[in-house]
There are 2 protein chains.
Amino acid sequence: MSPRKEAARPGGAEERPVSLWERVARPAPAARVALTPERIAVAAVAVADAEGLDAITMRRLAAELGVAPMAAYRYVSGKSELLDLMVDLVHGELELPEVELGWREALRLLALRNRELLLDHPWLVRIAGGEGALALTPNRLAITERGLAVLDGLGLDADTALAITRSVATYARGMAGNEILLRELMAEQNWGSGEELRSGLAPQMTYLMSTGRYPLYNRSLLTQRRKDDALWQFELGLELLLDGVAARLAGAGFQDG
Amino acid sequence: MSPRKEAARPGGAEERPVSLWERVARPAPAARVALTPERIAVAAVAVADAEGLDAITMRRLAAELGVAPMAAYRYVSGKSELLDLMVDLVHGELELPEVELGWREALRLLALRNRELLLDHPWLVRIAGGEGALALTPNRLAITERGLAVLDGLGLDADTALAITRSVATYARGMAGNEILLRELMAEQNWGSGEELRSGLAPQMTYLMSTGRYPLYNRSLLTQRRKDDALWQFELGLELLLDGVAARLAGAGFQDG
DNA sequence: CGATGGCGTGTACGTCGTATCGATCGAGAT
DNA sequence: ATCTCGATCGATACGACGTACACGCCATCG
């Protein structure tokens, strides 16, 4: 689907492909090189934060780095690896909750901070492909690792602990993604969160509602009071999930605070 | 972010923008026109199913329809509306569970069928933007509507019912997305699900594991027995969520089978 | 001091989305 | 029966993108 080739790299002529992260970990061979994977990733994240993912162009990025369009290709095999680098970089910002907080609070914080990370870097939602959405970057793995640490010693088998961690993280990313897309959709049509929002998702929604196919949904839009409170919605589902975990733990014959 | 303009369309020269879905609902003005939104969407879905989302090109699509590259633009304002059409079309395939099954079983089926839909049309994962990921297409709204119907009359307020429905749907899409991306990643490096899989996520994983930063994760990979059983993982998290809902319903003073 | 090899440059190709304008043809009015 | 008009589709073209490729530069090491 999306071909991955290896970037040229320092160190000689092996034949085995070396993963991006191994290449990244290699120290800069000289202090005077203009580019490093870090510099590239930092610049790219800055652009994406400021102008969205569409602004991320190999040419634009090169301009930002004061360098020729093709220069970055020595450190990155292509745009998808660049995106991987960006994803990993921002996940380094996430502060991992202490295990001592107990599994529930720690998992809760993990989810909430995941949400905040997405909101701080909305372009993350648009990166669905590759290793970006899985956990296969160092800093994302560290987050999963902490999730497992938090559940360690509670009597869960490996499969269950991992599935719980993934469920919570997936829920958090999914809900935060919804929130971001809604927000962008609103900005795109420049509504404030004022009257139009309160009257449903006008205007594209109004037609669909007028068809009468969605009476309950329509009633919800009119009835609900916390419509614009995305955090409330986020936390509600999160608590459902954590309640389920708590029940599972109790069933396993353990409890915890 | 992604500009939306209105496609030219039959019927004269109004000035108010008309939503895609309203335009779609308009009957074909003549029986002899070559193109309709439906024909376009069907062809596009066929291509995407067979060759992935990257194969979807306005030119390719036109060729598939036996028509000039720009022809589809009379029915669709741009590629993003085409994607909206595709998203909506495939969601029409999802069979809605009967309300009589009871909220838990119905919600469970909704989640499982959502998952199957994604697996049948893996390109859905790659469409993050626009109304695609929110529920703002007719067939997706119908799914949400059924979710609300299933929870109706159980004493939940509008906000809670909607949040629950969305939580379940978001969880389902997120987990199915993980599954698809993992599957694609595996195909990309042509492992079977054989030895490499069983030994972790080799080869790009092996380097990261060898750093020793992820002892628990590493142990999980070695210990777990249902690693490749994505459905099991899916259902585990789903049950957690539904357990949480059940607790909330019990707290609201209701029960149900 | 000469050679080596990594680093960044310059140029160019193929493909994409889509703006614009012109040709065509069926239906409704006369 | 003819005219006319607008809906429909075709042809051409433009700018931007990702990236392949081959070349100059320069620090380093023998």
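In what follows, chains are A, B, ... by sequence order, proteins preceding strands, each numbered from 1.
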> Rounding to an integer number of Å, can you tell me how far B:Arg74 CZ sits from C:dA19 P?
13 Å
> For B:Leu65 and D:dT8, what is the distance between atoms CG and P respectively, to the nearest whole Å?
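Nearest whole value for this atom pair: 16 Å.
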> In whole angstroms, how far is the C1' atom of D:dC9 from the CG atom of B:Leu61?
14 Å
> Nearest-Å distance, CZ (A:Arg60) to P (D:dT19)?
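A:Arg60 atom CZ is separated from D:dT19 atom P by 18 Å.
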> In chain order, what residues pass the salt bridge (Lys or Arg N to Asp or Glu O under 4.0 Å) check against B:Arg59, with sequence neighbours excluded?
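So B:Arg59 forms no salt bridge (Lys or Arg N to Asp or Glu O under 4.0 Å) with any residue.
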> Could you verify whether a donor N or O on one side chain and an acceptor N or O on the other, from B:Thr170 and A:Asn178, lie under 3.5 Å apart?
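Yes, A:Asn178 and B:Thr170 have a side-chain donor paired with an acceptor closer than 3.5 Å.
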> Can you give me the closest heavy-atom contact between B:Met58 and B:Ala72, atom names plus distance?
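Smallest heavy-atom distance, with atoms named: CE-CB, 4.4 Å.
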> Identify each atom pair where a protein N or O and an N or O of nucleotides 12-17 of chain C are less than 3.5 Å apart, giving names and distance.
residue, atom, partner, partner atom, Å
C:dC16, OP1, B:Thr57, OG1, 3.4
C:dG17, OP1, B:Lys79, NZ, 2.7
C:dG17, OP2, B:Met58, N, 3.0
C:dG17, N7, B:Arg59, NH2, 2.5
C:dG17, O6, B:Arg59, NH2, 2.5

> So, using side chain to side chain donor-acceptor pair (under 3.5 Å) as the criterion, who are the partners of B:Asp120 when residues are at least two apart?
none
> Between A:Arg166 and B:Gln233, is there a side-chain heavy-atom distance shorter than 4.5 Å?
yes
> May I ask you to test the B:Glu116-B:Leu94 pair for a side-chain heavy-atom distance under 4.5 Å?
no
